[in-house]
4 protein chains.
Amino acid sequence: MRRKKKTKSEDLIDRRKSQILEAAIKVFSEKGFEGSTTKEIAKKARVSEGTIFRYFKTKKEILIGLVNMLTEKSMFKFIQEVEDGLDPSQALKNILKLHYNMITQNYQLLKTIFYEMQFHKELREAFYKEVVSNVLEVIKKRIQESGSTRDDVPPELAAQTLLGIFLGITMVQTMVEENENPLDPDKKISLMLDIIFNGIKKHD
Amino acid sequence: MRRKKKTKSEDLIDRRKSQILEAAIKVFSEKGFEGSTTKEIAKKARVSEGTIFRYFKTKKEILIGLVNMLTEKSMFKFIQEVEDGLDPSQALKNILKLHYNMITQNYQLLKTIFYEMQFHKELREAFYKEVVSNVLEVIKKRIQESGSTRDDVPPELAAQTLLGIFLGITMVQTMVEENENPLDPDKKISLMLDIIFNGIKKHD
Amino acid sequence: MRRKKKTKSEDLIDRRKSQILEAAIKVFSEKGFEGSTTKEIAKKARVSEGTIFRYFKTKKEILIGLVNMLTEKSMFKFIQEVEDGLDPSQALKNILKLHYNMITQNYQLLKTIFYEMQFHKELREAFYKEVVSNVLEVIKKRIQESGSTRDDVPPELAAQTLLGIFLGITMVQTMVEENENPLDPDKKISLMLDIIFNGIKKHD
Amino acid sequence: MRRKKKTKSEDLIDRRKSQILEAAIKVFSEKGFEGSTTKEIAKKARVSEGTIFRYFKTKKEILIGLVNMLTEKSMFKFIQEVEDGLDPSQALKNILKLHYNMITQNYQLLKTIFYEMQFHKELREAFYKEVVSNVLEVIKKRIQESGSTRDDVPPELAAQTLLGIFLGITMVQTMVEENENPLDPDKKISLMLDIIFNGIKKHD
DNA sequence: AATGAATGAGTCTTCATTCAT
DNA sequence: GATGAATGAAGACTCATTCAT
């Protein structure tokens, strides 16, 4: 109960925090963590610099707040909401498709978070606890229950591989596309999924 | 001949540059680009701060110098030196194994380079020209000449996928391993390769 | 009305700016532009170094701000306020006397501005637009309307000559006086004016 | 004797010094004292930076060396060499014409010297002793012996005025010409001289 | 609670000067 | 004597954080 009931002032606090975090997403996405200034975040959030420090003790805390927001705003949660009844490989495809979009859409921010994780233990822990472990768990479950994966692949590794594949591919593609001509996103994702499921080897 | 013969002073310059770059690798790897100071690099390189700027006009140039070093020191070149006669999938495995080690060993630095690429065009271009395009080319060639890949997978995509898979997996594993127990690297890579070739789907 | 009414914060800004500019006058006058440090200006203005850069984006802007201050504080404007009814040569004398004092009082600063103008286009333009052109215009007008100058002297040249004479004489006198004994300023200016009007040639 | 006889090595020293000073003239003229680097002077003089400091203890000494060179190279001496028999006012005109050219030609350098004099006593003294006092003396003498100047003008002041007039006019003209169209130099100097001799007042 | 002016530690970078070769 | 690599002090400028209003 308590969880859901909030006093007015708590509400206000949350609103202010969100306001700041929304602004931070944009600024961090565009300029990275170090490249962003609290001044700019304040401006974009239409509050004063002082206010920011009322709600977040330090600049770093804003970034951590962002990670928490990611899950609260269920950017990742939806992964668990894919319907259950589906053909497993199709379900996985759906998951991955959504996942792909999410990563694509929040690519800049995620990159910043991923990067800064190296330097800030709190951030690393928050991100792992809030995001990674969930994602891995879901994927793992899906793979297992689909029953269609090879027996010699431990589900953990499969899940990690899957997540890594998506992250990495997205990164590389972003890089490549700036220099070469981009492929049709839909075709691209289909092919990637096909590769993941069937491998690149020719089967006769 | 002339190419290889260097004057004493050229040698010295190179040595100093290396000295600074080696230090920069450590510092950048540990603290990232923005988090590093030229002062600390100087200290670790056991030269004065002024000396750094004799050899690199700006801090950013150090990072670019690092990218060039990566190729010059043939961290990536070896890819082309894998013997030709091998069974193609085995050759690819060898390549990837080496590649994997390289990425693992320089993971922190690569992450920094990848990340900063967003903000520095020169770096982006240098890295793409020196590293990415080469890697992609080699992988593509290998995949093609192996003749064993599916016809419906464009080699470019396959190559990109491969590169991305390795980068992404490495990232995820680094994250995961900090929180869980690491797997045996050899087994891990074998499995990953297997996945890449054969996919995760069960074949009967 | 509105023009003159300033909000409190505008007032404060102006006060801070003035505070810094006053300090800058002293420091620049004493040590020149390059010889001055923002640190010293800050100290003399009793603000932190950071504050300086709140009000002036760069050190150079302080110098430009000084030029604007010169006119805003009507150090030069008064030239136009000399009464009109006077005997023209007397009016000019008054003008020049005031001018002389102003130049003398701000000699060091003016020298710095003059000098740095070589290297900073913005400064050159600001100074020319704000000061020189005005001065020249006024002097020219006065000379013309006095009707008492020779017809073969183009007013522009006469005006330039006048301005130059004062600047140059002030410079030389400053130099000379350090080594020899100074003359009575009033006598000096009278004589100079006389020379300018009547020339150095003996007329019988 | 000793004065004129120089050992070989003294000769060499002088040559090196000249070499450096010639370079310094160019660099200082273009970039001012603070804006110039010993590195650039060294480069232009085709010596190493270290060599510069063999011949001049400090950068400032180069500037002082330049002042001495000015007189030694008789940039100002010629003033005394104007023929004696001439009509006095014509002689003065010649002097001033030469003077004018000299100032014009070395304007940039002189400006730098003038400016830096404020901050360096040694320089100020050197310049006054070597240059100013000479010039003043000559002009004064000329004015006096011409017998054609007004009795109420003390020769010192007349001389100072003259020198100041030329310096100042040159400065102003340089400034003005950048913004407006330049006058024909010959006409300009004639007019200026005329003004100096006859004043700007109309004589009937 | 909110503001935004003020702070000052910390950054990259420059350059006169020194010194080993 | 000459070199030019190395030094390190010093400078302009930035920005997270604080605090008086």
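Each chain gets a letter, A, B and so on, in the order the sequences are listed, and its residues count up from 1.
- Checking F:dA16, E:dT17, F:dA12 against every side-chain atom of D:T58, the shortest atom distance belongs to E:dT17.
- A 3.5 Å limit on both hydrogen-bonding distances identifies no Watson-Crick or G-U partner for E:dA1.
- A:K17 has its NZ atom 16 Å from the C1' atom of E:dA1, to the nearest Å.
- Judged purely by atom type and a 3.5 angstrom limit, C:T51 has no side-chain atom pairing as donor or acceptor with the backbone of C:V47.
- Distance CD1 (D:I52) to P (E:dA16): 9 Å, rounded to an integer number of Å.
- For the pair B:E40 CD and E:dC12 C1', the computed distance is 15 Å after rounding to whole Å.
- Relative to the side chain of C:T37, the nucleotides E:dC15, F:dG11, E:dT7 differ in distance, and F:dG11 lies closest.
- Closest to the side chain of D:T51, out of F:dT7, F:dT3, E:dT17, is F:dT3.
- With a cut-off of 3.5 Å on both Watson-Crick or G-U wobble distances, the partner of E:dA20 is given as F:dT3.
- Using modelled atom types, one side-chain atom of D:S36 and one backbone atom of D:G32 make a donor-acceptor pair closer than 3.5 Å.
- If B:K57 and C:E49 are placed on DNA chain E by their nearest nucleotide, the residue sitting closer to the 5' end is C:E49.
- When atom types are taken as modelled, the side chain of B:K43 and the backbone of B:E49 share no donor-acceptor pair closer than 3.5 angstrom.
- For C:T38, whose side chain is taken as the heavy atoms from C-beta onward, the closest listed nucleotide among E:dT13, F:dA16, F:dA12 is F:dA12.
- Remark: E:dG10 base-pairs with F:dC13. Criterion, Watson-Crick or G-U wobble with two distances under 3.5 Å.
- In this structure, the nucleotide among F:dT17, F:dA12, E:dT17 sitting nearest to the side chain of C:F53 is F:dA12.
- When distances run from any side-chain atom of B:Y55 to the nucleotides E:dA1, F:dA6, F:dA2, the shortest one goes to F:dA6.
- Regarding D:F33, its CZ atom lies at a distance of 12 Å from the C1' atom of E:dC15, rounded to whole Å.
- The C:K59 side chain lies nearest to F:dA12 when the options are F:dG1, F:dT3, F:dA12.
- If you take CD of D:E34 and P of F:dA12, they are 11 Å apart, rounded to a whole angstrom.
- Using a 4.0 Å cut-off between charged side-chain N and carboxylate O, D:K26 and D:E22 make no salt bridge.
- Looking only at distances, no side-chain donor or acceptor of B:T112 sits under 3.5 Å from a matching main-chain atom of B:F33.
- No donor-acceptor pair closer than 3.5 Å links the side chain of A:K60 to the backbone N or O of A:E122.
- D:L63 has its CG atom 15 Å from the C1' atom of E:dA16, to the nearest Å.
- Distances from the side chain of B:R16 to the nucleotides F:dG11, F:dA16, F:dA6 place F:dA6 closest.
- Rounded to an integer number of Å, the gap from CZ of A:R46 to P of E:dT3 is 12 Å.
- Candidate nucleotides F:dG11, F:dT3, F:dA6 were compared by shortest atom distance to the side chain of B:S48, and F:dA6 ranks first.
- Between C:K43 atom NZ and E:dA6 atom P the separation is 20 Å, expressed in whole Å.
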